[in-house]
Amino acid sequence: MNSLTFKFIAVLRRVAQIVVVIVGSTLFVSLLLQLLPVGLEDLYVFALDEAGRQEQIRLLHLDANPVMFYLYWLGDFVRGDFGSYVYPTGVLDPVAPRLGAALPISLRLVVYVQIVALAISIPLGIFTAYRSGRRSDKVISYGLFTAASIPNFVFALLLASFFGVSLAWFPPLGYTAPGDGFVEHLRSMALPVMALAIPTVATYTRLLRTDVIATLREDYVTMAASKGLSNRRILFTHVLRPSSVTLFTSAALNMGALIGGTLVIEQIFSIPGLGSEIGLAIFSRQYFALQSYVAIIAIGYVVFNGIVDVAVGFVDPRSRERSNA
Amino acid sequence: MSAILSIRKLVVNFETPRGLLSAVRDVSLEIEQGSSVGIVGESGSGKTVMSRAAMGLLSGSTVRREGTVMFDDKELTAMRADEVRDQFGTGMAMIFQDPMTALNPVRRIGSQLSEGPRVRLGMDKKAARARSIELLSLVRIPDPEAMLNKFPFQLSGGMRQRVMIAIALACKPKLLFADEPTTALDVTVQAQILQLLSDLRREMNMSMVLVTHDLGVVANHTDFVAVMYAGEIVEQAPTTELFSNMKMPYTEALLKSIPKIDSASGARMAVIEGRLPDPTDRPSGCGFAARCSYVQDKCRTEHPPLVDAGNGHLYRCWYPLGHTIGRK
Amino acid sequence: MRNLFAQMNLLSKLSAVWMALMTALAVFGWLIPLPDPREYDPEASAAGLFSPGHLLGTDAGGYDLLSNVVNGARTSLLIAFISVGFGGLVGSAVGIIAAYRRGRLDYVVSTGFNILLSIPNLVLGLALVAVLATSSDPSVPIASNRRVIIIIIALTVVIIPILGRIARGATLTWINREFVVAARSMGMRDKDIIVRHIVPNVLPAIYSVLFLAVGVVIVAEGALSLLGVGVVDGVSWGAMIARVAGEFTYAPQSMYVPVVVVALTVIACNQLGDFLRGRLDLREGRI
């Protein structure tokens with residue numbers, strides 16, 4: 001078999017793994033609803049006459065056993081029906097349009113944070129690695145360690161009170177859509193992005209620093225030096241390429257923490273993203289909606305990591321070797 | 001004949017949490033133009049640190065280097081880092097013990113090979129590619145064009161080492177440092193690579209420093225040998241003189257530890273008893289005293305000086321081999 | 001213990017002292033004569049530091065901040081220690097056994113860990129608390145005590161796969177070492193091999209992560225409160241943060257006290273975890 005076949009099999013195996021985890025996590029979330037101390041019927045069936053009750057119970061699949069209940073949900077989900085808010089009047093308010101409005105806002109937030117964090121941490125990581133052991137490195141490294149430990153909501157509150165209230169440079173609350181003025185949009189995102197980016201920068205910089213220090217000790221870097229290459233050239237052609245694979249993989253893995261972070265940050269800054277939607281769903285006891293939201297986060301996270309995993313396999317020739325072995 | 005590389009009173013220390021570690025102590029050595037010099041010792045004897053320090057390739061805030069190194073009549077030790085860099089590739093080049101770690105795993109052979117000619121000789125892409133193919137055929141690699149597109153892990157150990165030699169020779173250096181160039185290879189491949197290096201050295205009229213733990217290797221491929229122990233040169237002589245008139249018990253012990261290539265396992269069987277002295281706490285007497293089978297009381301207390309035996313033969317021993325006086 | 005403290009650098013020592021102080025406040029804090037944390041002072045709303053009768057000031061609702069920090073330590077550290085202790089115990093036991101047995105059990109367990117880890121830990125905790133803390137009558141909220149128990153259960157579930165995966169990984173690196181193979185070849189029972197050979201070697205890796213996990217749980221408790229499902233009307237650090245977060249536009253000064261206490265505690269946990277990890281690396285390096 002040639003290496004392409006091996007690669008194909010490796011990708012297939014990874015996809016199978018992803019499917020198992022997705023089914024497992026969505027099933028887990030679906031089973032959670034069975035743990036409710038209150039019956040779903042008591043929460044969502046409001047019809048007064050018996051015929052109406054039976055009709056609603058069938059409509060919401062509340063008469064199905066847990067596994068069938070999951071399969072009904074899964075069937076709807078793959079067809080783009082993410083469930084509904086159920087109001088006491090019996091009106092169903094579908095989740096899909098709400099999700100369509102909220103998800104892009106959260107994704108924007110996450111993407112901005114990743115861009116800002118990488119733009120700061122790459123030069124900072126390289127700088128501290130080259131200065132490793134010197135005073136400037138020690139000071140920065142201790143600062144980063146502390147910053148990485150501080151929860152993002154602490155930064156959010158401090159930034160909001162300082163830049164939002166005391167200095168009033170940025171709006172402390174609220175969100176402006178890019179269509180309503182791009183500058184205002186960026187201003188409304190500035191504080192939430194900073195709150196999430198500070199601990200992220202700290203994490204990435206520490207990672208890149210460790211990795212670059214290790215790479216600088218490699219024989220092939222000494223070899224490059226013995227060819228008479230300049231430090232700058234060695235950095236860009238020999239050091240950064242292997243180190244960047246590590247960094248981007250970790251950045252992808254960090255998505256989970258960032259998504260969790262956006263929930264809280266959106267709540268603090270009143271940003272109408274997925275976090276606010278989840279908060280609303282919990283507050284108004286709309287667990288069908290909650291089930292779909294959590295499932296979407298889990299699926300997005302697993303699929304994204306899978307893609308990065310496979311992509312790294314193609315970018316980094318070393319992992320091709322591993323999958324060939 | 002003039003010296004291409006001349007090392008005078010080279011001292012290298014490392015700052016460690018346990019104190020100063022002395023890796024190289026007062027080493028002086030001349031490498032004649034066009035000659036091949038072997039530097040021999042166990043691992044930890046300081047031979048690798050010595051050769052890298054001589055080239056100016058030891059970096060890091062913990063390294064302390066003293067002494068002078070002259071290369072091609074220029075004083076390397078007085079140069080700025082970028083001036084030293086200008087000597088690499090065209091002046092000095094190096095090949096490493098393990099080609100797997102010395103070749104960048106994520107870059108193709110072609111780009112690693114053409115890098116030197118492009119940066120150091122200012123060749124354009126096309127010329128550098130032609131030069132790369134020429135170099136790969138020079139190191140006897142079949143189908144050199146196909147090789148350019150491969151990654152290091154796709155090659156066998158022997159092929160990788162040939163590629164590394166090609167990279168080192170890319171800018172026609174005057175002096176090649178080969179640091180244990182065959183240790184990571186199979187026994188049969190070892191012989192091929194050493195022969196290749198010797199042939200290329202003659203073809204290109206290059207000087208070579210061969211760093212190895214194996215006296216058997218230097219016997220066939222060098223003109224001059226320096227034996228290192230615990231950071232010092234303990235014996236040095238022209239190769240034929242050394243093997244016919246060995247003075248130092250340590251050299252003799254090294255010679256006895258050479259494995260027979262045709263022995264069944266091919267593994268290194270004989271080793272020298274005992275261990276190297278602690279480099280952060282050197283003994284006051286001869287560093288080899290604790291392991292020497294001819295040791296006398298004087299060896300344990302007084303450090304032996306380098307003695308000139310004539311014919312360019314120097315040794316560092318109170319009771320050299322071949323003298324029966326004072327021996328038990 | 002004294003030996004361990006002597007090996008620490010200054011920051012680790014400060015961290016250990018801080019954690020000891022917080023733990024002491026959690027255990028003996030009720031002995032300190034302080035105002036009732038749930039009683040508001042109508043005379044002093046959003047009072048600054050060192051106000052008369054309120055050493056650390058009050059929040060916008062007039063609650064005494066020092067009293068809330070001291071009494072909140074009890075709730076927050078109780079949640080942290082119990083969920084990390086219990087989650088760590090269950091997670092490590094399952095992880096070690098799965099890695100030791102390999103085969104189907106290992107596949108099931110590691111897939112289970114992967115499933116739980118595929119949901120970002122805050123989202124998982126949030127979903128669990130939201131579901132478990134649903135009361136039948138929306139106008140009657142769940143009592144604080146029950147909420148604390150629910151949060152502990154939820155965060156235990158969050159911690160289990162985190163520590164389980166680490167224990168499993170550490171076990172895998174030890175099961176093929178010579179002394180384990182030797183013990184097996186001498187006919188030692190699996191249970192004894194695990195207890196005598198595996199556990200002592202895996203424990204150091206777990207210890208260093210336990211502190212990090214305490215930090216994770218303290219952050220999670222704060223985040224859950226901010227999302228409205230924490231010990232909402234109770235006395236905890238998370239509850240304090242949730243209150244000041246709603247008030248920071250008009251009472252920013254009262255925000256600093258809970259924020260600094262939580263930040264210092266999490267920094268201290270990470271510093272201690274880092275110190276233990278460093279010792280571990282040294283030990284492994286020597287082997």
Side-chain angles (χ1 to χ4, degrees), chain A residues 17 20-25 27-29 32-33 35-39 42-43 142 145-146 148-154 156-158 160-162 164-166 172-173 255-261 263-264 267-268 275 278-279 281-283 285 287 290-291 293-295 297-299 301-302 305, chain C residues 11 111-112 114-138 142 212 215-216 218-220 222-229 241-242 244-246 248-253 255-256 258-260 262-264 266-271 273-274:
Chain A
Q17 233 171 35
V20 169
V21 171
I22 286 177
V23 170
S25 57
L27 179 63
F28 175 82
V29 177
L32 263 188
L33 297 197
L35 289 179
L36 273 170
V38 186
D42 298 335
L43 280 173
Y142 268 120
F145 176 82
T146 311
S149 307
I150 295 176
N152 49 38
F153 57 74
V154 167
L157 293 172
L158 295 176
S161 103
F162 191 64
V165 179
S166 304
L173 294 174
M255 280 307 233
L258 274 185
I259 292 166
L263 302 190
V264 183
Q267 201 81 18
I268 292 176
I278 289 181
I282 290 173
F283 182 72
R285 321 211 305 176
Y287 296 120
L290 181 69
Q291 178 185 358
Y293 291 147
V294 175
I297 290 176
I299 292 171
Y301 179 53
V302 173
N305 274 325
Chain C
L11 279 173
T111 305
N114 283 338
I115 287 170
L116 288 176
L117 290 168
S118 76
I119 306 171
N121 59 38
L122 186 57
V123 180
L124 178 62
L126 180 68
L128 281 165
V129 176
V131 166
L132 295 177
T134 303
S135 64
S136 47
D137 182 352
I142 300 251
L212 302 180
V216 166
I218 288 174
V219 172
L224 289 176
S225 302
L226 281 166
L227 292 167
V229 297
I241 287 190
V244 297
F248 76 81
T249 45
Y250 52 92
Q253 74 280 6
M255 184 182 82
Y256 298 115
V259 156
V260 166
V262 167
L264 285 180
V266 179
I267 292 171
C269 287
N270 287 3
Q271 178 70 43
D274 214 47

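Every chain is numbered from 1 and lettered A, B, ... according to where its sequence line falls, protein lines coming before strand lines.
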Please look at C:V260 and chain A and tell me whether the side chain, the backbone, both or neither of the residue comes under 4.5 angstrom of a heavy atom of that chain.
neither
Nearest heavy-atom approach of C:I119 to A:A298 is CG1-CB, 3.9 Å
Most contacts with chain A, counted as non-hydrogen pairs under 4.5 angstrom, among C:L212, C:L132, C:V229
C:L132
Look up atom CG in C:L122 and atom CG in A:N152, then write down how far apart they are to the nearest 0.5 Å.
8.5 Å
Under 4.5 Å from a heavy atom of chain C, the part of A:L158 involved
both
Quick check on the interface: out of A:A148, A:G279, A:S149, who has the most heavy-atom pairs with chain C under 4.5 Å?
A:S149
Whatever's closer than 4.5 Å to a heavy atom in chain A on C:V262 counts as side chain
Heavy-atom pairs under 4.5 Å with chain A are the metric here; pick the option from C:C269, C:A223, C:A133 that has the most.
C:A223
To the nearest 0.5 Å, what is the distance between CZ (A:F145) and CG (C:D274)?
4.5 Å
Applying a strict 4.5 Å limit to non-hydrogen atoms, the region of A:L263 in contact with chain C is both
Interface residue of largest heavy-atom contact number with chain A, from C:V123, C:V259, C:V129, C:V131, under 4.5 Å
C:V131
Measure the shortest side-chain to side-chain distance between A:L157 and C:I241 over non-hydrogen atoms and say whether it is less than 4.5 angstrom.
yes
Could you pull out the closest heavy-atom pair between C:S118 and A:S25, with the gap in Å?
OG-CB, 3.4 Å
Contact origin within C:T111 toward chain A - heavy atom pairs under 4.5 Å
side chain
Can you find a heavy atom in the side chain of A:L32 that is under 4.5 Å from one in the side chain of C:L128?
yes
Under 4.5 Å from a heavy atom of chain A, the part of C:N121 involved:
neither
Under 4.5 Å to a heavy atom of chain C? For A:Y142 that would be side chain
Which bit of A:L290 comes within less than 4.5 Å of chain C, counting heavy atoms only: side chain, backbone, both or neither?
side chain
Compare every heavy atom of C:L226 with every heavy atom of A:Q267, then report the nearest pair and how far apart it is.
CG-O, 3.5 Å
Between CG of C:L124 and CD1 of A:I297, what distance do you get to the nearest 0.5 Å?
11.0 Å
Hey, are the side chains of C:V266 and A:I150 touching, using non-hydrogen atoms and a 4.5 Å cut-off?
no
By a 4.5 Å heavy-atom criterion (distance strictly below it), what part of A:V23 contacts chain C: side chain, backbone, both, or neither?
neither
Portion of C:L264 that has a non-hydrogen atom of chain A nearer than 4.5 angstrom:
neither
Counting only non-hydrogen atoms closer than 4.5 Å, does A:V21 touch chain C with its backbone (N, CA, C, O), its side chain (CB onward), both, or neither?
both
If one checks every heavy atom of C:L11 against chain A at 4.5 Å, the contacting part turns out to be side chain
Per-residue tally against chain C (heavy atom, under 4.5 Å) across A:Y287, A:F28, A:Y301 peaks at A:Y287
Using a cut-off of under 4.5 Å on heavy-atom pairs, state which of A:V294, A:I278, A:L27, A:L36 scores highest against chain C.
A:L36
